[in-house]
Q: 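Structure provided below as structure tokens; questions to follow.
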Amino acid sequence: MFFKHMNEAESFYQFIKEDCEDWKVYRKRGDIHTVHVFPGDELEWEQCKKKLSQLLSSVYIKHREYQAIQTILEKTYRFTNPEEKERITSLAKSLIEKDEDIYEHRIHQHELHDILQAIFLLHTEKEMVRFDSIVHFRFHHYLEQLTELVGLAIDEFKREEDYQSFIHSVREFIARKQPEVDVIYVLEGNQYHFFREDGTPYKTAELNEVMERFPLYIFGLQENEWNISPLIMLAPNHVYMFGNDPSETRLTTVINIFQENCTFFPIEEFPFPIEVEKGS
């Protein structure tokens with residue numbers, strides 16, 4: 001196994017020693033770029049190739065994948081800001097490793113690490129494997145797929161930017177606005193239900209009247225948005241949220257807007273009788 005870069009040869013050598021204890025492996029002092037590998041006698045060549053391709057993929061992921069993403073961002077998508085590139089690279093890595101469920105319906109089409117292994121498997125020969133030759137001349141399909149996935153990461157990055165801009169705008173609006181109430185209780189459901197401090201529920205007509213005072217579409221909110229809009233217009237000093245999961249998207253948005261002025265409780269701790277307006 002020949003590697004142009006010594007650190008990659010060293011990584012491959014260590015991977016072999018850690019994962020293939022019954023294999024013989026060594027490096028000559030005068031030829032530190034080459035790793036000599038002698039698989040166990042009991043293994044068929046196809047089994048050896050499969051294991052070697054996995055280890056070669058690990059070397060690429062460790063030493064080259066990050067830079068490949070950065071290069072695509074610079075040359076294909078024309079990103080130059082270091083912070084933006086770093087954030088998008090992190091998102092791309094999460095997509096590759098399936099740490100996030102965004103684009104779940106498309107991510108299975110990529111399986112980039114499987115593609116890597118397939119390429120190395122196809123070009124692993126008994127006598128000599130040149131790692132850099134494979135990477136430079138056989139990676140067209142992999143790089144096409146990686147470029148598409150980086151595009152998905154850019155889409156998610158832009159969505160996050162828009163979301164943070166929305167949160168910032170709403171925070172500023174609430175900070176300048178005179179609070180309509182001191183405290184509000186919010187009960188999670190298909191649609192949120194809002195209660196005064198004494199447990200009296202807000203009626204739809206009351207909330208409508210409050211929301212009509214300001215064109216909430218400037219925040220990108222729909223006219224029929226009945227979860228966040230009432231809270232923005234009422235601008236309470238404190239919000240008590242009662243729900244099942246604080247990481248749920250709508251709840252997270254409310255918590256992000258009000259920050260320390262929002263307290264979350266499990267839904268079973270809601271202190272009032274749950275009597276809400278019909279059809280609300």
Q: Are R196 and Y202 in a cation-pi setup, meaning NZ or CZ lies under 6.0 angstrom from the ring centre and within 45 degrees of the ring axis?
A: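 Flagged: R196 positioned over aromatic ring of Y202.
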
Q: Side chains of E65 and H113: any donor to acceptor distance under 3.5 Å?
A: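 A donor-acceptor contact under 3.5 Å links the two side chains.
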
Q: For the side chain of K50 and the backbone of L121, is there at least one donor-acceptor N/O pair under 3.5 Å apart?
A: no

Q: Which distance, rounded to the nearest 0.5 Å, do you find between the CG of L234 and the OG of S229?
A: 10.5 Å

Q: Hey, which of R64, K4, H33 is the one that makes side-chain hydrogen bond (donor to acceptor under 3.5 Å, both in side chains) with D132?
A: R64

Q: Please confirm whether F15 and Y13 have ring centers closer than 6.0 angstrom.
A: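 No, the ring of F15 stays outside the 6.0 Å limit from the ring of Y13, centre to centre.
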
Q: Ignoring hydrogens and geometry beyond distance, is a side-chain donor-acceptor pair present between E74 and T80 at under 3.5 Å?
A: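 Result is no, nothing qualifies.
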
Q: Among F195, F242, F265, which residue satisfies the side chain to side chain contact (heavy atoms under 4.5 Å, CB included) criterion with P271?
A: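 Exactly one option meets the side chain to side chain contact (heavy atoms under 4.5 Å, CB included) with P271, and it is F242.
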
Q: Compute the ring centroids of F139 and F120, then answer whether they are less than 6.0 Å apart.
A: yes

Q: Start with the C-alpha gap between I134 and L122, add the side-chain angles, then the distance that decides, and say whether side chain to side chain contact (heavy atoms under 4.5 Å, CB included) holds.
A: CA-CA 10 Å; I134 297 173; L122 188 63; over 6 Å; no

Q: Determine the interplanar angle of the H36 and Y26 rings, folded into 0 to 90°, and report it as parallel if under 30°, tilted if 30 to 60°, perpendicular if over 60°.
A: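 Parallel.
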
Q: In terms of ring plane angle, is the pair H238 and Y240 parallel, tilted or perpendicular, where the classes change at 30° and 60°?
A: tilted

Q: For side chain to side chain donor-acceptor pair (under 3.5 Å), just list the numbers for Y66 and E86, CA-CA rounded to whole Å, side-chain angles, deciding distance to a tenth of an Å, and then say yes or no.
A: CA-CA 10 Å; Y66 171 89; E86 199 63 37; 2.7 Å; yes

Q: Measure from NZ or CZ of R130 to the centre of the six-membered ring of F2, then state whether that distance is under 6.0 Å and the direction lies within 45° of the axis.
A: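 Yes, R130 lies over the aromatic ring of F2.
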
Q: Strictly under 6.0 Å, is that where the ring centroids of F157 and Y77 end up?
A: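 When the ring centroids of F157 and Y77 are compared, they turn out to be at least 6.0 Å apart.
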
Q: Linking I/L/V/M/F/W/Y whenever any side-chain heavy atoms sit under 4.5 Å apart, do I232 and Y163 land together?
A: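 I232 and Y163: one cluster.
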
Q: For a quick check under 3.5 Å, do T34 and D31 share a side-chain donor-acceptor pair by atom type?
A: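 Short answer, yes.
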
